[in-house]
Amino acid sequence: MTAALEALHPAERRPDRGKTVLVTRQASLRTSDPDFETAWPLAQGLLKLIHGQPDTARLDALAEVWAALPQAQVIRERADRVVLVAPGADKGSALQTLRRRLGVSQARILAAGDGSADAAMGPQAGLLVRVGAHPALSAAHQTVPDPAALVQLLRFCRRTGAPPQPNALSCRA
């Protein structure tokens, strides 16, 4: 992960030039944090590095550099964002670990996502809801147009006490 961080130019780590988020086992550190420049090289147990900026050509180049790093997965989540994930640190692995720790069956898990990084949750969830139209989530059981529609669906299901029903904007009775 140190090599991945060093691939970012110092100017790219400034909040006005891009958004960088480091996710560690302890916390997240963002470019807007006052101590980002001094803390990022010391980040321990880095799980995920997210970098976003409007220069898509630069993001393509950065994704190439990151893809050459051993034991890391690069996800081009959106046109303006690239994500580097440490082995075993994807959302699917996290959901599986949490599900097992809590003793919840897969059938009772609802996962919702709006980008490529969320696709890894699909095999761990009884129901995967795609928010928006990202093609990486085309295998989702259900699609809602936006986050407001997801909230509306979940509120309705909570009131009725029924889980969301695949392939319909409704809940099972």
Side-chain angles (χ1 to χ4, degrees), residues 1 4 18-33 43-53 56 59-60 62-63 66-67 69 71-173:
M1 285 296 189
K19 177 181 177 187
T20 304
V21 179
L22 310 174
V23 181
T24 69
R25 295 191 191 286
Q26 293 77 29
S28 292
L29 183 66
R30 302 173 191 286
T31 51
S32 56
D33 294 339
Q44 297 295 312
L46 199 58
L47 300 175
K48 186 186 229 183
L49 172 59
I50 305 164
H51 182 69
Q53 63 169 293
T56 57
L59 287 177
D60 289 340
L62 189 60
W66 285 359
L69 298 173
Q71 298 186 8
Q73 178 184 5
V74 177
I75 301 169
R76 186 60 183 268
E77 197 170 50
R78 294 185 176 84
D80 63 348
R81 185 183 310 160
V82 65
V83 179
L84 180 68
V85 182
D90 63 84
K91 291 180 180 183
S93 298
L95 184 57
Q96 180 182 40
T97 299
L98 184 60
R99 181 176 63 77
R100 288 182 177 164
R101 187 175 294 154
L102 296 174
V104 177
S105 72
Q106 181 178 345
R108 295 194 59 209
I109 300 294
L110 180 146
D114 65 352
S116 314
D118 301 317
M121 294 188 295
Q124 300 304 321
L127 182 69
L128 179 64
V129 178
R130 175 171 63 172
V131 180
H134 200 290
L137 294 166
S138 62
H141 302 102
Q142 184 167 329
T143 298
V144 294
D146 53 43
L150 175 64
V151 170
Q152 189 176 30
L153 171 66
L154 295 175
R155 283 183 179 154
F156 176 75
C157 293
R158 189 174 199 186
R159 278 195 310 269
T160 63
Q165 182 175 342
N167 301 317
L169 293 177
S170 63
C171 301
R172 288 187 203 129

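Every value quoted in this text rests on a predicted model; they were computed, and no experiment measured them.
- Checking side-chain atoms of Thr97 against main-chain N and O of Ser93 turns up a donor-acceptor pair under 3.5 Å.
- In this structure, the separation between CZ on Arg30 and CD1 on Ile50 is 7.5 Å, given to the nearest 0.5 Å.
- Note that CG of Asp90 is 11.0 Å distant from CG of Asp118, once rounded to the nearest 0.5 Å.
- Residues Leu29 and Thr24 are not in side-chain contact: their nearest non-hydrogen atoms beyond the backbone lie 4.5 Å or more apart.
- Remark: side-chain polar atoms of His134 are paired, donor with acceptor, to backbone N or O of Glu77 under 3.5 angstrom.
- Taken from CG in Leu59 to CD in Gln53, the straight-line distance is 4.5 Å, to the nearest 0.5 Å.
- What you find for Val131 and Pro147 is that their closest heavy atoms are CG1-N, 3.5 Å.
- Residue Ala4 comes nearest to Leu84 through the heavy atom pair CB-CD2, 3.2 Å, listed as atom of the first residue, atom of the second, then distance.
- The CG atom of Asp80 sits 9.0 Å away from atom OG1 of Thr56, with the distance rounded to the nearest 0.5 Å.
- In terms of heavy-atom proximity, Ala67 sits nearest to Val74 at N-CG2, 3.5 Å.
- Annotation: side chain of Gln124 is not in contact with side chain of Ile109 (no heavy-atom distance under 4.5 Å).
- One finds the CG atom of Asp114 at 11.0 Å from the CG atom of Asp146 (value rounded to the nearest 0.5 Å).
- Counting only distance, with no hydrogens or angles, the side chain of His141 and the backbone of Leu128 share a donor-acceptor pair below 3.5 Å.
- A 4.5 Å side-chain heavy-atom check between Leu110 and Leu154 finds at least one atom pair inside the cut-off.
- The two atoms that bring Leu49 and Thr20 nearest to each other are CD1-CG2, 3.7 Å, heavy atoms only.
- With Arg76 contributing its side chain and Ala79 its backbone, the two residues share a donor-acceptor pair below 3.5 Å.
- Closest of all the heavy-atom pairs between Ala119 and Ala136 is CB-O, 3.6 Å.
- Summarising the geometry, atom NZ belonging to Lys48 is positioned 4.5 Å from atom NZ belonging to Lys91; distances are rounded to the nearest 0.5 Å.
- With a 6.0 Å radius and a threshold of 12 heavy atoms from other residues, nucleotides or ligands, Gln106 has its CD atom above the threshold.
- When all heavy atoms are compared, the tightest approach of Ala149 to Val144 is CB-CB, 3.9 Å.
- Heavy-atom contacts from other residues, nucleotides or ligands closer than 6.0 Å to NZ of Lys19 number 12 or fewer.
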